Novice: 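Sharing a structure below in C-alpha cells format, with a few things to ask.
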Number of protein chains: 2
Amino acid sequence: MPATIRDIAKKLNISVSTVSYALNNGPRPVPDHVKKKVFDVAKELDYRPNRIARSLITRRSRTIGFVLEKPEHNIFLGPYVQLIVNGVINACEDHRHDLLLFAQHGAVSQEEFVNQLLDGRADGLVFTCGESLLPIIEEVHQRGIPFVVVGAGAPPYSHSFQADNDLGIEQAIDHLADLGHTKIGFVRGNATHGDAIHRLSAFRRTMSERGLAVHSDWVWEGNFTVESGESALASYLSLPEKPTAIIAANDEMAIGVLRKARAEGIEIPQRLSVVGFDDSPHTQGLYPGLTTIHQPVSEIGSAAAHGLFQLIDERPTDQPSFFPTRLVVRASTAAPTKEPNNHEIK
Amino acid sequence: MPATIRDIAKKLNISVSTVSYALNNGPRPVPDHVKKKVFDVAKELDYRPNRIARSLITRRSRTIGFVLEKPEHNIFLGPYVQLIVNGVINACEDHRHDLLLFAQHGAVSQEEFVNQLLDGRADGLVFTCGESLLPIIEEVHQRGIPFVVVGAGAPPYSHSFQADNDLGIEQAIDHLADLGHTKIGFVRGNATHGDAIHRLSAFRRTMSERGLAVHSDWVWEGNFTVESGESALASYLSLPEKPTAIIAANDEMAIGVLRKARAEGIEIPQRLSVVGFDDSPHTQGLYPGLTTIHQPVSEIGSAAAHGLFQLIDERPTDQPSFFPTRLVVRASTAAPTKEPNNHEIK
DNA sequence: CTGAAAGCGCTTACAG
DNA sequence: CTGAAAGCGCTTACAG
C-alpha cells in the first residue's frame, strides 16, 4: 500500500494539513524544521502524491486532451496529425502539462465518447477539424469546458487555429499561371475535412478570378492518402483533354500523383507540373523535389495549445490564429513544354 | 455546477447507491423501471460521470501512459516514435483505454517526473528504450506498477518488445556480401539508445563471423537524423580507402547518406551501395527506392500495449515479444562495379 | 501558528 | 431489495 499524507502525519504526530502545506510549499507557511521532517519522512516512506485525489478537489488535472479527427485505425500514421501533435506536445512541455490522446472515438458510442472527453481527466481539449467531430465539439461547447480547434471549418463560436488556405491555393495557382499553365487540375481531400473543403472552394474561386476554366473532369476525389493521388492520376490518363498541371490538396496525394506518373512514364515536370500542400518534413527529403505550399503545421499546433492554456487560466488569448502559407518551388513544376495529350496510354 | 449522482438521487428520492448501481448496470441489480428513471433524470440534468472520483476508489483510470525516450523538443517528428505510438493507440482503441503522453521529461526534475508517472493518471506505462529512461524504469519497477519497454536494452526484469536486431543486421550484411561487397561501413545511432547499441554490436560481430574486416574509420557516429547521415557521408569522402557499401542503423540516416551522395555526384548503387533499417512508410515512397531492413514497428507497439493490458489485468502475457526483420531490396544496392576511390573529391 | 473537520464525487461493504 | 455510511487521498475553509 503506497504511503499517504496521513501516514506521514501519523509518523510525525502532526496534522495532515501541515503535511499538505509543507509538501506544497504553501499557501500556509510551515516552519523550515517541520518542512524538513516532512520531506524526510516522505522520502523514507517513498511517498508519491496522488494527483487523482488532488484533481478531485482542485478540478485541475494539468492534462489536456487531444481528439483525433476520425475513428480510423492507423490514424496516427498521417504526417499532418504527427506534426500537430508534435506542436501540441512542445507547448505542453513549456506549460508543464501532459497530453491525453483519446483513442476510442471509433470504438464507443458518441455519447460515451463525449462523456470520456468530459470526465475530468482533461482540463481542456484540442480538436482537429473533421465533420465527425462537429456534433462532439457542440456538446463540449455546451458544457463550457475550454477547447480549441485546429484547422478550417470550426464552428464560429470556437477558437480556431489554421493556415491561410486561400492564400496557399492562390500561391499555387499563380505560380502555375506564371509558368504559363492555363489548364490546371485539382485533387481534393476528404469531403468531410474542413481544410479539404476550404482548399477546394479556394481553388474554384481563385481559378475563376484569374479567368481560368475549371472542368469538373479535372477535379478528382481524394482522401489525403498516396493511393488516392495515384488513382487521381489514373483517371487523368483517360481524359481526352488533359490539364498541364495538377494541384493536390496535400503532399501525400501529390506524391501519389508523382509516383503513378513515373510508373506510367509521364515526364515530370515537362509534361505535367505537380504542386502539393503542407511541405511536410518527409516531403522535403523527396527526390526530385516536390513544389508545394508550406504551412507551419507544428507551429499551428503549438499556438492552439498555448491558446488553450490561456483559456484554461481564463486569461485573454493572444496567440496568432491564422498562419500565412508560403510557396516552395522545387523540381515538380515548370513551363508546359510537351503536349500532355500526345502521351500514349498503354 | 455539473450534476452528480447525488443530484439524481435527490431528485428521485432514492439513494446514491441505487443511482450508482443503475448507471453502472450492476453489480447490484436495479429494477428496470428505476433504472429508466435514473437514466432519464441523468439525461435531463446533463449528468456526466466523473472518472476522477471513480478512479480514486477503483484505482483504475483506464488510461495508460507513454513515456518518450528523450527530453527533446520535436521528439514527435521521428517516424519511429510515430509508428510506435500508432501501434499503441490501435491497441488502446481495441482495449477501451486512452493514452497519456508524458510531455515533461525535459522540463522537470527526475524525481518530479517519476512522481508524475506514478500519480494515478495511468494504470501502466509503455517506455521506449533509451539510457535516460533506465533509472526511471528502475524506480517504476520498485513501485510495482505494470510497465513494458519497447526496444532493445531494457532491464532484465522488464517485459520488452523488440525487433530481432541481430537478424536484421545479418540480413543486411549477407545481402551486401552476396552482391560481392567486402568493404562495408556502418552509420551508428545514438550511443544512448538501446537499439542503436545493439545494432552496432551486431554489426561488429556478424562482420567478423563472416570474415570481413571492420575498420574503425568505417563506423560513423550518428543520431538517427538525416543530417547525421549526411555528415557520415562527408567524412566517408575524405577516406583514403573507402568502403563500397554503407549500412545505416536507421532509414533517416540512410536517406542522409543518399542525399549527400547525390549532392556529391556519387552514383548509387554503382559506386556505393546503401542499406537502411526500419522500412518506415515514408521511406517506401522514396525514389529511387532504398534497400532496407523491415521491422514491424507498429505491430511491436501494439503487442507491447496488449502485453501491458494483460499485466494490468494480472493475466499471463501471451504477446510475441521478439519480432523477425525482413530484407527489402530496392534500388540502393548492387554489386560494386565502379572503384569508389576513383571518385574525385571536389 | 496548527489541528480537527468537511468535502471533492464517486464505489461498495454494511445494515436493516 | 434498498438505504445510510464509510472511505478513496487529498485541499482548504474553520476553529482554537
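Naming convention: chains lettered A, B, ... in sequence-line order (proteins, then strands); numbering from 1 in each chain. Just so it is clear, the structure is predicted and the values come from calculations on it, not from any experiment.
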Novice: In terms of side-chain heavy atoms of A:T4, which of C:dG3, C:dG9, D:dG9 is nearest?
Specialist: D:dG9

Novice: With a 4.0 Å cut-off, would you call B:K36 and B:D40 a salt bridge?
Specialist: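 Salt bridge: yes.
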
Novice: What orientation do A:H95 and A:H97 show, parallel under 30°, tilted 30 to 60°, or perpendicular over 60°?
Specialist: tilted

Novice: Starting from P on D:dG9, measure out to CD1 on A:I5 and report it in whole angstrom.
Specialist: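 It works out to 10 Å between those atoms.
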
Novice: A:R59 side chain N/O closer than 4.0 Å to the phosphate oxygens (OP1, OP2) of C:dG9?
Specialist: yes

Novice: Hunt down the Watson-Crick or G-U wobble partner of C:dC14, both distances under 3.5 Å, from any strand shown, or write none.
Specialist: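 Pairing partner, where one exists within any strand: D:dG3.
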
Novice: Specify the separation, in whole Å, of atom CD1 of A:I57 and atom P of D:dG7.
Specialist: 17 Å

Novice: Do other residues, nucleotides or ligands put more than 12 heavy atoms under 6.0 Å from B:R28 CZ?
Specialist: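 Yes, CZ of B:R28 has more than 12 neighbouring heavy atoms, counting only those of other groups under 6.0 Å.
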
Novice: With heavy atoms under 4.0 Å as the rule, sort B:R60 into base, sugar-phosphate or nothing.
Specialist: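 No contact.
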
Novice: Does the pair A:R54/B:D119 count as a salt bridge with the N-to-O cut at 4.0 Å?
Specialist: no

Novice: Mind calculating the distance between CG (B:D119) and P (D:dT11) to the nearest angstrom?
Specialist: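 It is 12 Å, rounded to the nearest whole Å.
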
Novice: Specify the separation, in whole Å, of atom CZ of A:R6 and atom C1' of C:dA4.
Specialist: 12 Å

Novice: Side-chain N or O of A:R54 versus OP1/OP2 of D:dT11: is the shortest distance under 4.0 Å?
Specialist: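 Yes, such a contact exists.
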
Novice: For the pair made of CD1 in B:I8 and P in D:dG3, what is the distance, rounded to whole Å?
Specialist: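 Result: 14 Å.
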
Novice: Measure CD1/B:I52 against C1'/D:dC8 and give the value in whole Å, please.
Specialist: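 The distance from CD1 of B:I52 to C1' of D:dC8 comes to 13 Å, rounded to the nearest Å.
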
Novice: How close or far is atom C1' of C:dA4 from atom CD1 of A:I14, stated in whole angstroms?
Specialist: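 My rounded result for the distance is 14 Å.
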
Novice: Using the closest heavy atom to pick a nucleotide of DNA chain C for each, name whichever of B:L56 or B:P27 lands nearer the 5' end.
Specialist: B:L56

Novice: Phosphate oxygens OP1/OP2 of D:dG3: is one of them under 4.0 Å from a side-chain N or O of B:S15?
Specialist: yes

Novice: Which pair of heavy atoms, one from B:C92 and one from B:I64, lies closest together, and at what distance?
Specialist: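 Taking every non-hydrogen atom into account, SG-CD1, 3.7 Å.
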
Novice: What about A:R28: does its side chain form a donor-acceptor pair under 3.5 Å with the base of C:dG3?
Specialist: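 For A:R28, whose side chain was compared with the base of C:dG3, there is a donor-acceptor pair (under 3.5 Å).
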
Novice: What do you reckon, is CD of A:E111 surrounded by more than 12 foreign heavy atoms closer than 6.0 Å?
Specialist: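 Atom CD in A:E111 is not crowded, with 12 or fewer foreign heavy atoms closer than 6.0 Å.
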
Novice: Taking CG from A:N50 and C1' from C:dC10, how many angstroms apart are they, rounded to a whole number?
Specialist: 14 Å

Novice: May I ask you to say whether A:E112 pairs ionically with B:R96, meaning some side-chain N is under 4.0 Å from a carboxylate O?
Specialist: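 Looking at B:R96 together with A:E112, the answer is no, because their closest N to O distance does not fall below 4.0 Å.
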
Novice: Tell me which residues in residues 16-25 of chain B lie within less than 4.0 Å of DNA chain C, going by non-hydrogen atoms.
Specialist: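 The stretch gives B:S17, B:S20, B:Y21, B:N24 as the residues lying under 4.0 Å from the strand, ordered by number.
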
Novice: Check every atom of D:dG9, C:dC10, C:dC14 against the side chain of B:Y47 and return the nucleotide holding the closest atom.
Specialist: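 Within the option list, the nearest is C:dC10.
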
